[in-house]
Q: 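Handing you a structure now.
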Amino acid sequence: MRALILSDIHANLEALNAVLAAASHWDVLWNLGDMVGYGASPNEVLEIVRPISTLAVRGNHDRACAGLSSTMNFNPTARAAALWTLDELRLDNLEWLRRVPQGPLEPEERDGVRVTLAHGSPLDEDQYILNMRDAWAPLQQMTTAITFVGHTHIQGGFSQKQQDWQEIRPRYRDTRVEEGWTLALPSGTRHLINPGSVGQPRDCDWRAAFATFDTERCEVTYHRVPYDVGAAQARVLTAGLPERLAARLREGR
Ligand code: ZN
């Protein structure tokens with residue numbers, strides 16, 4: 001089975017369309033949340049992801065943009081975008097977003113492989129797993145050897161085999177073209193895998209990020225795909241959202 005794993009789309013329609021075109025065939029779609037917030041196309045993005053997400057967990061921006069939690073702990077830019085989104089969302093999209101469950105979720109076992117899906121840490125949906133110290137507790141405590149997480153907008157992850165801890169960063173050559181990087185997940189090793197952000201990458205690579213997971217081979221492939229960033233930026237500016245939200249898309253941070 002081939003799973004398409006998307007996280008942090010952040011209402012970026014151009015990036016999402018490029019990802020879906022590049023992903024070609026897949027059997028299930030695991031959606032790690034933060035579908036909206038920051039970007040200017042929340043309704044268009046939800047119209048696409050609602051019917052095709054096999055499983056979805058909510059992100060902190062989904063929660064705030066749906067009015068389920070306060071935006072007080074957001075920075076002013078994120079808060080402005082969340083309030084704009086809450087106002088902009090169609091009622092059916094808003095109601096759907098409010099029902100997206102908090103992670104972690106465990107999809108049905110396939111090919112003898114069990115995984116967990118979460119937005120932030122599987123132990124705390126709001127926690128960022130940025131380094132080995134953050135990764136330590138979830139890697140030890142998760143009941144599945146493989147956990148997919150988002151939230152940091154940084155593609156890669158962490159692995160542990162007994163005393164051997166590794167940070168995973170995909171290696172790419174050319175940020176102007178579509179690229180992939182495959183990693184085997186051998187049994188006996190525990191992994192936190194972050195597919196990166198579709199709609200607002202922060203690892204200094206502007207291309208939309210996503211991952212695919214082959215359960216038969218137990219292999220994850222990280223992907224980067226160029227998209228029409230100018231069109232996404234124009235929508236942000238036309239919507240009257242903060243200019244920084246447009247500028248950062250080109251910078252990838
Ligand atoms: Zn996010």
Side-chain angles (χ1 to χ4, degrees), residues 5-16 19 29-42 44-46 48-49 53 55-86 88-89 93 97 100-105 117-131 134 138 147-157 192-211 222 224 227 229 232 236 241-242 244-249 251-253:
I5 305 151
L6 306 184
S7 192
D8 297 279
I9 301 166
H10 282 292
N12 186 334
L13 178 65
E14 286 72 22
L16 176 62
V19 162
L29 194 163
W30 295 334
N31 174 345
L32 306 184
D34 275 5
M35 293 164 257
V36 299
Y38 294 136
S41 307
E44 296 87 340
V45 161
L46 289 181
I48 295 172
V49 298
S53 295
L55 279 177
V57 295
R58 73 174 184 197
N60 53 318
H61 285 261
D62 299 326
R63 204 178 62 210
C65 292
L68 294 173
S69 63
S70 156
T71 56
M72 288 309 287
N73 59 345
F74 278 18
N75 65 48
T77 306
R79 187 180 312 138
L83 295 175
W84 178 87
T85 305
L86 177 56
E88 192 73 12
L89 279 174
N93 283 331
L97 198 61
V100 177
Q102 177 180 351
L105 294 183
L117 312 179
H119 179 66
S121 164
L123 305 176
D124 173 356
E125 65 176 337
D126 288 322
Q127 195 203 335
Y128 293 88
I129 301 179
L130 288 163
N131 52 44
D134 303 330
T147 301
F148 292 100
V149 298
H151 197 37
T152 63
H153 300 208
I154 294 169
Q155 193 177 50
L192 287 169
I193 300 291
N194 191 324
S197 169
V198 172
Q200 195 199 74
R202 293 181 196 161
D203 44 13
C204 300
D205 184 338
W206 67 279
R207 295 174 295 177
F210 67 102
Y222 295 96
R224 296 309 277 247
Y227 72 97
V229 67
V236 167
L241 285 160
R244 172 76 193 125
L245 294 176
R248 70 185 304 173
L249 295 178
E251 298 162 9
R253 65 185 180 87

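Just so you know, ligand 1 is whichever comes first in the structure, and atom 1 is the first atom listed for that ligand. Model, not experiment: these values are computed from the prediction.
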Q: What class does the angle between the rings of H61 and H10 fall in, given that below 30° is parallel, 30 to 60° is tilted and above 60° is perpendicular?
A: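 Perpendicular.
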Q: Roughly how far apart are C204 SG and R202 CZ, rounded to 0.5 Å?
A: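 Atom-to-atom, C204:SG and R202:CZ are 12.0 Å apart.
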Q: Could you label the plane-to-plane angle of the H153 and Y38 rings as parallel, tilted or perpendicular, counting under 30° as parallel and over 60° as perpendicular?
A: perpendicular
Q: Are E125 and V57 side-chain neighbours, meaning at least one heavy-atom pair lies under 4.5 Å?
A: no
Q: Quick one: angle H153 NE2 - the Zn ion (ligand 1) - D8 OD1, to the nearest 10°?
A: 90°
Q: When you measure from the Zn ion (ligand 1) to each N, O or S atom of D34, which atom gives the shortest distance?
A: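 So the atom name we want here is OD2.
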Q: If I take every N, O or S atom of H119, is at least one of them less than 2.8 Å from the Zn ion (ligand 1)?
A: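 No - counting backbone and side chain alike, H119 has no N, O or S atom under 2.8 Å.
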Q: At a threshold of 2.8 Å, where the distance has to be below it, does the Zn ion (ligand 1) have an N, O or S atom of H61 nearby?
A: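 No, H61 does not qualify, because none of its backbone or side-chain N, O or S atoms lies under 2.8 Å.
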